[in-house]
Protein chains: 2
Amino acid sequence: MTPRSPRPKDRGIPEATVARLPVYLRALQGMAERGTLTVSSEDLAAIAGVNSAKLRKDLSHLGSYGTRGVGYDVDYLVYQISRELGLTQDWTVAIAGVGNLGRALANYGGFGTRGFRIAALFDADGRVVGDEVAGLVVRHIDTLEDVVGSEDVSIGVIATPAVSAQGVCDRFVKAGVTSVLNFAPVVLSVPPAVDVRKVDLSIELQILAFHEQRKADGQAPPEAGWIDATEKT
Amino acid sequence: MTPRSPRPKDRGIPEATVARLPVYLRALQGMAERGTLTVSSEDLAAIAGVNSAKLRKDLSHLGSYGTRGVGYDVDYLVYQISRELGLTQDWTVAIAGVGNLGRALANYGGFGTRGFRIAALFDADGRVVGDEVAGLVVRHIDTLEDVVGSEDVSIGVIATPAVSAQGVCDRFVKAGVTSVLNFAPVVLSVPPAVDVRKVDLSIELQILAFHEQRKADGQAPPEAGWIDATEKT
DNA sequence: ACGCCCTTGTGAAAGTACGCACAAAGTAGG
DNA sequence: CCTACTTTGTGCGTACTTTCACAAGGGCGT
Ligand SMILES: NC(=O)c1ccc[n+]([C@@H]2O[C@H](COP(=O)([O-])OP(=O)(O)OC[C@H]3O[C@@H](n4cnc5c(N)ncnc54)[C@H](O)[C@@H]3O)[C@@H](O)[C@H]2O)c1
Ligand SMILES: NC(=O)c1ccc[n+]([C@@H]2O[C@H](COP(=O)([O-])OP(=O)(O)OC[C@H]3O[C@@H](n4cnc5c(N)ncnc54)[C@H](O)[C@@H]3O)[C@@H](O)[C@H]2O)c1
C-alpha cells in the first residue's frame, strides 16, 4: 500500500506559499507591535528573507490587499493571513510521549499565544503518568481515545520513541485526529485524509553535513555581500 | 540554497534529493540490522514513503550502484549514501541556549550515534552556566569563540530565545562556524558561505492548521458568495 | 549457452516554483 | 485635472521536481 500524498492538488494556495505565510505573519505581527501602519513588499520581503516579487505573488493568492504606491496595511494583512491559515480559531493539540522533547514542547509558551492550546499529554510510562507538566497532568496513553474525543483534539504531536510512533499515530487517527506532527524518526503511514508533517533533527544535521563536506571539498569560499538565509522544509 | 555559485562544477546533487537521502539511509540501516542483503527500489521506496522512480533517480545521482534484476546491495548503499552525505567523518556540534529545548537536544542520544558529537553547551544565564547537562558542563556564551576554535566546531545549534538568536549566530559565524541549525523563530542573516537551516515548530503547526481548516471548509458550503470587503470593481 | 523475467537507469512529459521586468493603479502636489 | 512618482500585481521565461514508461542490463533456471 502506497501512502498517498496528503494533498496532491490543492486547488488554491501553492504549498510553497503556505509554508511562507507564517513567516510573513510573524514579521507583520512584530511590526504591528512596534506601531508600523503600512509596509511595502520590498521591506517586508527583506525582513522575511525572500524576494519581493515572490512575496507579492504569495500575497496575491490571498487577494488584492495592497495599495499601489503605498504598500500593505499591516493590521489588515495580519488579519488576512491569520484567517487564511486558520488562526482565527483555536486549535487543540495533544502530545504523546512526555520525555525530553515532549516536556520541552509542553513547556514552550510560544504555542498557546498563537492559538494552539495543548489539551492533553500522554505517556505509556507509569512513572511519568500522573506527573504534572506545564500545568497538565500526564495521562496514560490508553486514555487517548477518550480524551481526544472529549477534548476535540485536531492536532496530535508524536514525541515518543520511533518504535512506538506508528502505533500512537494509528490511535490518534482512529480517535479522529486529522493532523499529525511527528518528531520520531520514522515514516508514518496514514490514510489520505490525514496530514502528517515531520520534524527530523537528524535529517537537518545530515543535510548540513552534506553541504559542509562540499565546502571542504572545494576551496576558498566565495566572498560577497551579506544575505538573508531562507530555507524550506 | 546556494544562490549564485560562479563555479558550477555541477557534480551537483539536487537539493530535493539531498533531503531524502537521510530517509533512505535510515531505512537501509534498519534493514541492514535485520540482516537484509538486497532491496529493490520498489520495496525501499515503500518504506521511505516515496515513489520508486523518484528513489531510483535520487540514487542515480550517486552512481550506478544497483544491479538490474536484483536491486541494491544494502550494505553497499548504506556506505555510499553515508559517504555522499559526509557521515563517514564525525562532525562537531555546539548548542547555544540550554533551556527547555537545548536540554532536550543535549540529552538526545540519536545524534552521537550518527556521527554528530556535541562538544559544547553555552548559555548566558549565570544560574545555568556550570550545570552539568548530558555529561557536559554548560559554559558561558562569552567563551564561545575560544571553544569553537579549539574544538573545531563546524555546526552551531541555536536554541536561545528569538531576540538573542541573531547575536549568537553572528558569534558562531565570526568564530568560523559555517553551518547553523536554528530553532529560534527568526530569520537569520549570514554570509553566503554559511548554511542555515531552521526548524520552526510554530510554522509546522500553522501549516497543519491551514490544511485542517481547508478540510473543515470542504464540509460546509464554501464562502457562499462571501466576497472580501476590499474586492475591487 | 540461451532465453526468460525482473529491476534498474533514464529520456521525456507534466507539474511547480522562482524572479525579472513592466504596465496598471494608486498617491501627492500643483 | 494633470503630471510625477511609487509600489502593486502579474505575464513570461527559466529552472527545478516529480512521474511515467520503457529499453537495456543482468541473474537464474534449464
Ligand atoms: N530529544 C531530542 O532532542 C530529539 C531530537 C530528535 C528526535 N527526537 C525524537 O523524538 C522522540 C522523543 O525523544 P525524547 O528525547 O523525548 O525521548 P524520551 O525517551 O526522553 O521520551 C520518550 C517518551 O515517550 C514515552 N513513550 C514510550 N512509548 C510510548 C507509547 N507507546 N505511548 C506514549 N508514550 C510512550 C516514554 O515513556 C518517554 O517518556 C524520539 O523519537 C526521538 O528520536 C528527539
Ligand atoms: N521549547 C520548545 O519546545 C520550543 C518550540 C519551538 C521553538 N522554540 C524556540 O527555541 C528557543 C528555545 O526555546 P526554549 O523553550 O528552550 O527556551 P528557554 O527560555 O527555556 O531557554 C532559552 C535559553 O537560552 C539562554 N539564553 C538567552 N540568551 C542567550 C544568549 N544570548 N546566549 C546564550 N544563551 C542564551 C537562556 O538563558 C535559556 O537558558 C526559543 O527561540 C523558542 O522560541 C522552542
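Remember, predicted model here, so these are calculated numbers, not experimental data. Residue numbers start from 1 in every chain, and the chains themselves are labelled A, B, ... in the order their sequence lines are given, proteins ahead of strands.
Each of B/Ile95, B/Val199, B/Val196 was scored for a side chain to side chain contact (heavy atoms under 4.5 Å, CB included) with B/Leu181, with one residue passing: B/Val199.
Contact of A/Arg68 with D/dT7 (side chain to base): no donor-acceptor pair of N or O atoms is detected under 3.5 Å.
In this structure, the NZ atom of B/Lys57 is 9 Å from the C1' atom of D/dT19, given to the nearest Å. When the P atom of D/dA24 is taken as reference, atom CZ of B/Arg56 falls 16 Å away, rounded to whole Å.
When each of A/Ser60 and B/Thr67 is assigned the nucleotide of DNA chain D with its nearest heavy atom, A/Ser60 is the one assigned upstream, toward the 5' end.
Distances were taken from every side-chain heavy atom of B/Pro14 (C-beta onward) to each of D/dT18, D/dT17, C/dG9; the shortest belongs to D/dT17. Distances were taken from every side-chain heavy atom of A/Ser40 (C-beta onward) to each of D/dC20, D/dT7, C/dA21; the shortest belongs to D/dT7. For B/Arg20, counting side-chain heavy atoms from C-beta on, the closest listed nucleotide (D/dT17, D/dC22, D/dT18) is D/dT18.
Contacts of A/Ala16 with the nucleic acid, taken as non-hydrogen atoms under 4.0 Å apart, involve only primed sugar atoms and P, OP1 or OP2.
Within residues 69-82 of chain B, the residues approached by DNA chain D to less than 4.0 Å at the level of any non-hydrogen atom are B/Gly69, B/Val70, in residue-number order.
For the OP1/OP2 pair of D/dT7 and a distance below 4.0 Å, the side-chain nitrogens and oxygens of A/Ser41 include no atom meeting the criterion.
With values rounded to the nearest 0.5 angstrom, B/Leu59 atom CG is found 4.5 Å from B/Leu55 atom CG.
Not one N or O on the side chain of B/Asp170 forms a donor-acceptor pair closer than 3.5 Å with the backbone of B/Lys174.
Counting non-hydrogen atoms of neighbouring residues, nucleotides and ligands closer than 6.0 angstrom, the OH atom of B/Tyr108 exceeds 12 such neighbours.
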Under the salt bridge (charged side-chain N to carboxylate O under 4.0 Å, His left out) rule, what do B/Asp58 and B/Arg20 come out as? Steps first, then yes or no, please.
-> CA-CA 8 Å; B/Asp58 283 342; B/Arg20 283 187 295 266; 2.7 Å; yes
